[in-house]
Every structure is written in C-alpha cells, then in structure tokens.
Protein chains: 2
Amino acid sequence: MYEGPVQDLIDELGRLPGVGPKSAQRIAFHLLGADPADIARLQLALQKVKEGVVFCDICGNVSEQPTCRICRDARRDPSAVCVVEEPKDVVAIEKTREFKGRYHVLGGALDPLSGIGPDQLRVRELLARIGAQEVTEVILATDPNTEGEATATYLVRMLRDFPGLTVTRLASGLPMGGDLEFADELTLGRALTGRRSV
Amino acid sequence: MYEGPVQDLIDELGRLPGVGPKSAQRIAFHLLGADPADIARLQLALQKVKEGVVFCDICGNVSEQPTCRICRDARRDPSAVCVVEEPKDVVAIEKTREFKGRYHVLGGALDPLSGIGPDQLRVRELLARIGAQEVTEVILATDPNTEGEATATYLVRMLRDFPGLTVTRLASGLPMGGDLEFADELTLGRALTGRRSV
C-alpha cells in the first residue's frame, strides 16, 4: 500500500508476534517521526540479540555473563532447584519473592508431536546437576497444561532414583482474586482434590 | 528483570506505540529464537527509514522516488485533489477504489494548543498547487474530529477566492454496517442533517 522503505518496515514489523497490520503501520509511522537516536537504540538492541544471547552454563537462563546473576548469588539456597520451561517463568517466580533457591530452565516442554523430546530440553543437564550438587528439593514449575504436565510427570520418573531428594509440584487450584463460578471444571476439580485443612 | 541484551531489547520494544511490557517480552523472545536473517531484514528496514523517507514533492505522501506513484500516474485526474492529514489516509481512500484524482497530504491537522498552525502543515504548497494547475475540485478529507473539522473550516476560507473551484467535504453520517441505536448523538445528528432524498 505504501511505497518503498515505509512498506518494508510495516511488513517486517507485521511479522512479529502480536503485531497486526494496523499496529505495524502505527509503529512504522511513529518511527518515521522518531528521533534517529531512538531508532539507533532499537537497532543496537536487535544487533546484540542477533549476535547471540548468552545462556547461563548452570541453569540455562538468559544471562549477561557465562553464569547468571542468580547462580552467582551466594545467598541463594543451592539445595532447592525450581525447574521451569522458559526464562520468563523465572521472572514470574522471582516477582513473587517467595523462592530463595536456584532455577533450572528446560527451554520448553515435552511435545512429541512437535518433535520435542527430553533430548531437546535441558533434562540431561538437570540430572547431572542434581547428581553433582547437594540438592534436596526439586520443585517442578512447568506450566499447568498438557505439555507442562507431561514434562513434570516425566521428570518425576527420572528423579525418583535420587536418594534423599524431595520432588514437588506447584499447587493447582483457584487463581487468587478469581471468581469461583467462573473457574473451569478442571481448575475447580484440582482445587477440590488439593484442598487443605485450615 | 532479565539480564543484558534481552532486557535492553524488551525496553526498546516497549517504547513503541501499542506495545506493552508483555508484548515487548513476547516479541523479544520470538526474536531470540528467530533466524538471524529475519532480524537483519528488520534492522535494514529500520535503517532505511532512519536514513530518511522521501516525501513526494507534489503531494507530500511518502514515496520511493521524488514524485510518488500516484502523482506520476497520467491516468489519475489532476483536476480533483483530495486533501488528507496523513499518508495513511491516502491508503484508506485508495482502498475504496472510489477516487481517481490526486492527493495532497497536509502532514497533520491544525492544533494550536500543540503549536501546529498552517505554517506547520503543507497549506502553502496546497494553495500554490491549486493556483498553478487546473484544479476544479478540492475534497477536504481531514478527520471528522475537532482538529480535522477546524482544518477543513480553515481551508474552506483559504480556498474561497479561487475562481471556478468547488470545495467539498466528505459526508458525515452513520457508518455502514453500524447499528443506529449505538450511534453517538453527534453522528446521528450529522446523518439527519445530511439526509438525502431517495
């Protein structure tokens, strides 16, 4: 619809997830009128990510240095390892300020239909880590969906043979601030099964 | 929340209009796993826009060459000029396939509170163009909001003295496919005022 570079930019922006044609157009015209320094900063940020982001050699989280901030932090309890699918899950759990242990980022969840088996995830690294360090609890914090549940079930089986290791799973139940009548059957069922005496 | 380049990219993406922190995170992680060639294309598109987009020396629309595709097209009627605020308005009108004339892009609308007067818009160029060429109709297609209406009113006054020139304004009324009961009073009022015999 537009000529030359403007349409190219709209096309490229429109390929990003969650950016539709209208948003792409809006962003492109914003950049057209933006300070060249702002565009240069965005270009530089893209360049750095293109050149490769470093992943922590211990936990697999995105990192600035070979070992990430959390794995370097001596105040974090090395005996508890929280296993998550993605770096954004680490951020979500960190925001709760409830967990003082370390993380292990799998890089996804088991999904045989998409060809993602244990070898495509950082499962071997997890087992090696638990074997080498004095880990006493592994918290399985994969997503509460089909792939995440399958991954948790698989990991429970793999972790069964480590002596003295407690394996836990995040509680399923009603989301806080939610409305009981709007909860789906599965969630409400889990909330019932997991009921606690008060 | 993230370390290094990933957070930088999330921050830069989050500055774009309509991109919230969640979308920025989603786009950043998409780019993290994207083909470097895709990122390079986005970078190139940004570079070209940063280096400056060409504006048509006749109508002011974004253009690849000094004169845009529409102004170069001999089949387009030069006697009718449609005045719009922004390049995206040209695209919107082109999509209707109802208009076979030329355009004039003002580059915005009058907005004295933001310091945008006639000198900040391409008003002088419009008057020079109408004086020099055999234009018989000017269609004022500025937005039907306060600034757009003010701009149209101002242009009507400026164009009054051109002999033999018809100045028209896009019809206001009920949007097609809309529901009469959900129309706002102003729109419904305009639809009544502008009623046509059928």
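Labels below follow one simple rule: chain letters A, B, ... track the order of the sequence lines, proteins then strands, and each chain is numbered from 1.
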- Name the region of B/Ser63, side chain, backbone, both or neither, that has any atom closer than 4.5 Å to a heavy atom of chain A. both

- Residues in residues 3-11 of chain A near chain B [non-hydrogen atoms, under 4.5 Å]: A/Glu3, A/Gly4, A/Pro5, A/Val6, A/Asp8, A/Leu9

- Looking at B/Gln47, B/Lys48, B/Arg41, which makes the most heavy-atom pairs under 4.5 Å with chain A? B/Arg41

- Between A/Val19, A/Asp38, A/Val53, the one whose heavy-atom pairs under 4.5 Å with chain B are most numerous: A/Val53

Per-pair distances, 0.1 Å, donor-acceptor, side chain in residues 122-133 of chain A, under 3.5 Å, sequence neighbours excluded:
from	atom 1	to	atom 2	distance (Å)
A/Arg122	NH1	A/Cys59	O	3.0
A/Arg122	NH1	A/Val105	O	3.3
A/Arg129	NH1	A/Tyr103	O	2.6
A/Arg129	NH1	A/His104	ND1	3.0
A/Arg129	NH2	A/Tyr103	O	3.1

- Note on the structure: Per-residue tally against chain B (heavy atom, under 4.5 Å) across A/Glu94, A/Arg15, A/Glu86 peaks at A/Arg15

- Message: Taking atom CD as the centre, does B/Glu51 end up with more than 12 heavy-atom neighbours from other residues, nucleotides or ligands that are less than 6.0 angstrom away?
- Response: yes

- Indicate, with yes or no, if A/Tyr2 and B/Leu42 share a hydrophobic cluster defined by side-chain heavy-atom contacts under 4.5 Å among Ile, Leu, Val, Met, Phe, Trp and Tyr. yes

- Per-residue tally against chain B (heavy atom, under 4.5 Å) across A/Glu64, A/Lys95, A/Arg69 peaks at A/Arg69

- Message: Between A/Val84 and A/Leu170, is there shared hydrophobic-cluster membership here, with clusters defined by ILVMFWY side-chain heavy atoms closer than 4.5 Å?
- Response: yes

- With a 4.5 Å heavy-atom cut-off (strictly below), which parts of residues 25-37 of chain B touch chain A? List them by number. B/Gln25, B/Arg26, B/Ile27, B/Phe29, B/His30, B/Leu31, B/Leu32, B/Pro36

- Message: Between A/Val83 and A/Val91, is there shared hydrophobic-cluster membership here, with clusters defined by ILVMFWY side-chain heavy atoms closer than 4.5 Å?
- Response: no

- Item | Min side-chain heavy-atom separation B/Glu12-A/Gln43 under 4.5 Å | no

- Message: Side-chain heavy atoms nearer than 4.5 Å, only ILVMFWY residues, links allowed to pass through others: does that put A/Leu121 and A/Val138 together?
- Response: yes

- Taking heavy atoms only and a threshold strictly under 4.5 Å, list by residue number the residues of residues 152-166 of chain B that touch chain A; give 'none' if the list is empty. none

